[in-house]
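Shown next, in structure tokens, is the structure this report addresses.
These numbers come from the heavy atoms of this one structure, side chains and all, not from hydrogens, waters or symmetry mates. Residue numbers start from 1 in every chain, and the chains themselves are labelled A, B, ... in the order their sequence lines are given, proteins ahead of strands.
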There are 2 protein chains.
Amino acid sequence: MTDNSINLEQDPNNPLSDVEIAQAHTLEPIGDIASRAGVPAAALIPYGSNKAKVDLSQLDRAEHGKLVLVTGISPTPAGEGKSTTLIGLADALRVAGKNAIAAIREPSQGPVMGIKGGAAGGGYSQIVPMEEINLHFTGDFHAITSATNTLAAIIDNHIQQGNELGIDPRRVTWQRCMDVNDRALRGVVTGLGGPAHGVPRETGFTITAASEIMAILGLATDLPDLKRRIGAITIGQSHDRQPVTVDDLGVAGALSALLKEAINPNLVQTLGGTPTFVHGGPFANIAHGCNTLLATRTALELGDVVVTEAGFGSDLGAEKFFDIKARAGGLNVDGAVIVATIRSLKYNGGVARESLNEENLEALAAGVVNLERHVENIRKFNVEPVVALNLFTLDSEAEREWMTTWAKDFGVALAEAEVWAKGGRGAAKLAELVLANLAADSRQIYDPAQGVEASIRTIAREIYRADDVEFSPQAERDLATIQEHGWDQLPVCISKTQYSFSDDPKALGAASGHTLHVRELLPRTGAGFIVALTGDVMTMPGLPKKPSALNIDIDEQAQISGLF
Amino acid sequence: MTDNSINLEQDPNNPLSDVEIAQAHTLEPIGDIASRAGVPAAALIPYGSNKAKVDLSQLDRAEHGKLVLVTGISPTPAGEGKSTTLIGLADALRVAGKNAIAAIREPSQGPVMGIKGGAAGGGYSQIVPMEEINLHFTGDFHAITSATNTLAAIIDNHIQQGNELGIDPRRVTWQRCMDVNDRALRGVVTGLGGPAHGVPRETGFTITAASEIMAILGLATDLPDLKRRIGAITIGQSHDRQPVTVDDLGVAGALSALLKEAINPNLVQTLGGTPTFVHGGPFANIAHGCNTLLATRTALELGDVVVTEAGFGSDLGAEKFFDIKARAGGLNVDGAVIVATIRSLKYNGGVARESLNEENLEALAAGVVNLERHVENIRKFNVEPVVALNLFTLDSEAEREWMTTWAKDFGVALAEAEVWAKGGRGAAKLAELVLANLAADSRQIYDPAQGVEASIRTIAREIYRADDVEFSPQAERDLATIQEHGWDQLPVCISKTQYSFSDDPKALGAASGHTLHVRELLPRTGAGFIVALTGDVMTMPGLPKKPSALNIDIDEQAQISGLF
């Protein structure tokens with residue numbers, strides 16, 4: 001989501017939209033951006049003049065840059081502007097003389113047609129070309145969709161053509177996917193029409209961002225590792241309840257061939273001219289929620305300072321960044337930024353959405369516990385965070401002063417940022433503090449060797465501050481299956497509401513002493529983690545009554561409007 | 001399908017596969033190919049170093065080249081090598097000093113995973129980079145899939161959110177699509193799971209090549225025309241049986257925005273260095289089966305001689321080329337080539353597939369009626385064709401002589417071609433004859449103003465040589481609906497078996513005096529034609545028992561093998 005509601009320096013009577021700001025900007029040729037980043041010419045694969053892929057085989061893969069993780073407080077409808085702050089910070093670091101590179105997730109196309117929003121920053125802290133990044137981009141999501149659905153066709157064809165592996169059609173867990181918000185595809189019956197048209201079974205589609213192949217692309221260390229992980233995907237069970245994998249079906253090579261281009265990171269630019277890798281976009285609950293490991297590593301090979309993000313608040317995204325992505329890739333996190341806004345803290349302090357424009361120091365004091373908890377959590381990973389206070393026009397002087405005093409009292413570095421309206425110029429102080437805090441020796445919060453149950457309990461206790469974890473009967477059975485099949489030492493990927501530290505989305509602020517309810521455990525043996533579901537997770541969004549598709553248009557000069 | 005079974009100059013003990021020949025070739029930079037074609041530098045949108053799109057807005061759209069349509073006899077399992085001959089001919093025309101440009105369809109990715117094959121020519125008459133052309137290419141099919149499925153989501157969301165237009169869920173004719181061979185998606189029920197997850201209804205998926213948006217992209221004359229056609233798509237009926245269109249739903253702009261890049265033609269090269277537009281890939285029965293009108297026109301703007309193809313035999317593909325595509329775009333066809341092989345003519349003469357390697361002059365004489373019929377048919381469009389006899393290793397001297405004598409007696413120009421093994425060098429004589437026959441003033445076979453029923457009867461009589469046309473009760477009702485809604489003057493797109501001039505796939509040779517059975521009429525108001533179904537049409541293929549996905553692999557150097 002962008003945070004272009006109200007901001008400093010924006011004329012409230014005639015605000016420019018994100019797409020208008022982006023379209024008014026003259027982009028630098030992508031070849032110049034690549035040279036700036038230090039990409040060897042032979043490694044650049046242009047997609048038009050404004051975007052490119054970087055051929056991994058042309059890089060030497062030695063990393064030397066410092067890694068800064070940008071995370072946030074618990075998300076609220078008020079909007080925190082995490083991506084926008086990240087982009088402004090990257091531009092500010094470049095202004096400060098660093099070879100800064102940003103690495104962020106690719107936006108999912110489905111939601112673009114639904115609710116106004118995207119994942120390309122906002123205002124003067126955007127990545128461009130924004131229409132192309134939001135519509136198709138370089139085709140990575142489509143390649144993942146192809147691979148996912150090709151596998152589904154191979155499974156159903158195997159069942160239809162004799163079913164040599166004895167796959168139980170009722171126990172196929174592999175779902176098709178599509179990068180469209182389509183609630184009608186959540187639950188479907190396929191194979192109807194008679195014997196020539198397959199074996200009927202109940203199944204469903206997820207949005208592409210929620211697919212396991214998206215998670216795999218995000219964690220693969222190279223092409224052979226990608227193929228190995230795809231081969232290890234569990235697609236369901238046989239009639240004798242044994243797991244069936246992609247390697248059993250013999251199509252890991254074909255599916256990997258479909259991802260030949262998708263594995264190469266995409267390079268674009270910020271409005272400030274900072275090289276930015278935009279690659280991979282897994283969900284941050286059912287998956288780990290960060291851009292690809294390969295993009296982060298490529299950025300670390302090329303840049304001095306790499307700023308990268310994790311999804312949602314630090315309890316979800318950052319925890320998974322440290323415990324899943326950094327572990328998989330041997331990454332050290334050298335510094336961290338927690339993005340907060342006064343409005344969101346007041347919201348956490350109990351103020352209704354419609355009253356957020358009014359000064360309210362009591363609510364700020366009540367809500368700041370959410371930020372405090374996120375600061376404490378990041379410290380548990382042995383990283384000292386900097387708080388970025390992303391300013392909005394109606395933040396009062398008194399509120400801003402209150403925050404400054406709070407930071408001093410609490411003992412954490414805080415910088416105000418005005419990135420939406422000022423781009424990198426609005427994040428100079430933040431950049432300075434970040435550069436002064438780049439010495440962390442980061443760690444993980446649990447050791448997967450202790451087993452899945454213990455890993456979940458550790459995260460629940462240390463990060464969510466739960467007193468207890470309750471496993472449903474289904475989850476108990478899943479734990480037994482996981483142990484039986486030798487998956488008990490995989491890391492866990494907890495799917496929990498992003499609005500609370502607990503599994504109750506209404507418990508704002510800094511919930512503690514609660515019980516975490518684990519409903520079900522899903523083995524993602526290709527991605528290499530166990531998903532623990534707490535509460536309901538929607539893996540296929542729907543469209544609202546008035547979808548933004550109604551406003552999107554393209555004119556005779558191929559200029560797109562109404563996108564954001 | 002490629003025709004790389006056995007051919008001249010191919011060492012039968014150690015034949016190279018198409019992909020091996022392609023991978024051994026050093027491609028010229030796409031910028032050089034573009035310059036050769038005369039593409040202005042500002043119009044070139046590179047996709048890596050070997051493929052590009054051409055920005056239509058940078059061209060002046062004045063056509064001056066001569067257009068040669070390559071069609072074939074009725075297809076047989078023996079393979080005619082139509083694409084291969086087309087590519088060899090284009091290379092030969094270039095060797096003859098012409099600025100020749102080829103324009104062909106994009107291959108569909110789904111079948112690549114199914115039965116060994118593709119649509120990029122074969123042997124030394126291929127277009128390259130063949131792996132990239134066959135896997136994802138520049139994303140056009142994916143963009144069409146996105147637009148098709150976004151529309152489906154908008155329809156179901158409209159029904160779910162109050163159904164202001166009163167759409168009858170039982171009468172939604174719009175289907176989702178996917179570029180995967182997946183028989184299990186032919187018949188599905190969507191919207192299961194309860195009130196929050198949509199209104200259940202029975203529907204299905206087609207392969208992307210069979211989608212109406214593919215047909216629309218193929219016929220659009222520019223971006224505004226594309227948007228107009230998308231707006232005119234009929235998605236189904238309301239409860240009071242009135243047609244509901246995309247314009248009623250208000251998303252023509254959003255769907256067109258998704259096709260912003262797809263509308264620009266793709267440029268690649270042949271192994272002989274001939275610039276080749278590969279753009280659009282509609283089915284040749286349920287749609288018109290040619291590359292896009294925009295690609296053909298762009299080629300005619302840039303080149304002296306443009307060779308382009310139509311799907312299947314001349315009764316299906318060429319008829320639609322003249323009556324649908326050429327009519328929509330005001331194209332004149334200046335010359336035509338009918339591709340035939342001795343093996344296929346013997347097959348049409350009744351020889352079983354396993355005996356095609358044996359000399360059989362009687363069968364050849366019996367089967368040549370198929371070729372004669374195709375020659376006569378092309379002449380009905382006022383174009384004098386040249387027959388290209390695509391040679392295979394085991395064609396005997398006597399058989400070749402028999403064909404030469406036949407051509408003299410029948411009174412048609414014939415040239416032997418050895419394009420698989422020799423590339424353009426194998427088509428010098430063919431090129432010479434084609435250049436000597438470039439003076440046609442082509443026409444259509446029917447006038448749509450006479451109404452759909454009369455148009456179908458004209459094609460049946462003139463091209464299929466049927467004595468009568470029988471409309472099923474459903475087709476009669478469809479005709480009434482078509483008249484009621486003012487669609488009766490649209491051209492018709494007959495969906496008929498490609499194996500026979502009749503609707504009986506087993507009636508080989510030159511069927512005549514038969515009755516054509518029209519089962520159902522489907523209005524395609526966006527594409528701008530009425531599909532007439534005769535017999536069953538499969539719009540979503542399945543996979544064979546041993547799909548070629550099992551053989552496809554990618555190694556550590558990202559080299560793909562087993563593709564063909």
Side-chain angles (χ1 to χ4, degrees), chain A residues 45-49 57 109 113 135-136 139 142-143 146 149-150 152-154 156-157 160-162 178-193 196-198 202 223-224 227 250-251 253-254 256-258 260-261 542-543 545 547 549-550 552-554 556-558 560 562, chain B residues 45-49 57 109 113 135-136 139 142-143 146 149-150 152-154 156-157 160-162 178-193 196-198 202 223-224 227 250-251 253-254 256-258 260-261 542-543 545 547 549-550 552-554 556-558 560 562:
Chain A
I45 308 169
Y47 279 62
S49 54
S57 68
Q109 189 172 286
M113 295 291 160
L135 300 177
H136 308 305
H142 293 324
S146 283
N149 295 334
T150 296
I154 292 283
D156 274 315
N157 188 59
Q160 169 82 355
Q161 307 263 15
M178 211 179 256
D179 194 8
V180 177
N181 282 23
D182 191 345
R183 74 169 65 71
L185 292 179
R186 288 174 192 157
V188 303
V189 171
T190 56
L192 299 175
H197 309 296
E202 193 172 353
L223 187 56
K227 193 159 88 177
V251 292
S256 302
L258 286 170
K260 172 178 186 279
E261 314 286 333
L543 293 171
K545 179 147 188 172
L550 299 174
I552 297 173
D553 204 358
I554 183 166
E556 300 194 8
Q557 278 70 48
I560 292 176
Chain B
I45 308 169
Y47 279 62
S49 54
S57 68
Q109 189 173 285
M113 295 291 160
L135 300 177
H136 309 304
H142 293 324
S146 283
N149 296 332
T150 296
I154 292 282
D156 275 313
N157 188 59
Q160 168 83 354
Q161 307 264 13
M178 211 179 256
D179 194 8
V180 176
N181 282 22
D182 191 346
R183 73 169 65 73
L185 293 179
R186 288 173 192 158
V188 303
V189 171
T190 56
L192 300 175
H197 309 297
E202 194 173 351
L223 187 56
K227 194 161 87 177
V251 292
S256 301
L258 286 170
K260 175 179 185 277
E261 314 286 332
L543 293 171
K545 179 147 189 170
L550 298 175
I552 298 173
D553 203 357
I554 183 166
E556 299 194 8
Q557 279 70 47
I560 292 176

Exercise. Who wins among B:Ile45, B:Leu135, B:Asn149 for the most heavy-atom pairs under 4.5 Å with chain A?
Worked result: B:Asn149

Problem set entry | Part of B:His136 lying under 4.5 Å from any heavy atom of chain A | side chain

Exercise. With a 4.5 angstrom heavy-atom cut-off, which part of A:Leu550 approaches chain B: side chain, backbone, both or neither?
Worked result: both

Problem set entry | Heavy-atom pair count under 4.5 Å with chain A, highest-scoring of B:Leu185, B:Ile154, B:Asn157, B:Thr190 | B:Asn157

Exercise. How many angstroms lie between CG in A:Leu258 and CD1 in B:Ile552, if you round to the nearest 0.5 Å?
Worked result: 7.5 Å

Problem set entry | A:Arg186 and B:His197 side chains, donor-acceptor separation under 3.5 Å | yes

Exercise. Measuring heavy-atom distances to chain B, does A:Lys227 have an atom under 4.5 Å in its side chain, in its backbone, in both, or in neither?
Worked result: side chain

For this session: Examine whether an atom of B:Ser256 lies under 4.5 Å from a heavy atom of chain A, and if so say whether it belongs to the side chain, the backbone or both; otherwise answer neither.
Result: both

Exercise. For the candidates B:Val251, B:Asp156, B:Thr150, B:Val188, which exhibits the highest count of non-hydrogen atom pairs separated by less than 4.5 Å from chain A?
Worked result: B:Val188

Seminar exercise, completed: Counting heavy-atom pairs under 4.5 angstrom with chain B, the leader among A:Gln557, A:Gln161, A:Lys260 is A:Gln161

Exercise. What residue, out of B:Gly562, B:Gly193, B:Ala152, B:Ala257, has the most heavy-atom pairs lying under 4.5 Å from chain A?
Worked result: B:Ala257

For this session: Against chain B, label A:Pro46 side chain, backbone, both or neither, depending on which of its atoms sit under 4.5 Å from a heavy atom there.
Result: both

For this session: Select, from B:Gly162, B:Ala184, B:Gly198, the one with the greatest count of heavy-atom pairs under 4.5 Å involving chain A.
Result: B:Ala184

For this session: Check each atom of A:Asp179 against the heavy atoms of chain B and say whether the ones under 4.5 Å are side chain, backbone, both or neither.
Result: neither

For this session: Over all heavy atoms of both residues, which pair between B:Ala254 and A:Ala549 is shortest? Give the atoms and the distance, please.
Result: CB-O, 3.3 Å

For this session: Pick whichever of B:Gly139, B:Ser146, B:Pro547, B:Ser49 has the most heavy-atom pairs under 4.5 Å with chain A.
Result: B:Ser146

For this session: Provide the closest heavy-atom pair for B:Glu556 versus A:Pro224 in the form atom of the first, atom of the second, distance.
Result: CG-CG, 3.6 Å

Exercise. With a 4.5 Å heavy-atom cut-off, do B:Glu261 and B:Tyr47 have their side chains touching?
Worked result: yes

Problem set entry | Reported CD-to-NZ distance for the pair A:Gln160 and B:Lys545, which is rounded to 0.5 angstrom | 10.5 Å

For this session: Enter the distance from A:Ile560:CD1 to A:Asp553:CG here, rounded to the nearest 0.5 Å.
Result: 9.5 Å

For this session: Give a yes or no on whether the backbone of A:Leu543 and the side-chain of A:Asn181 come within a donor-acceptor separation of less than 3.5 Å.
Result: no

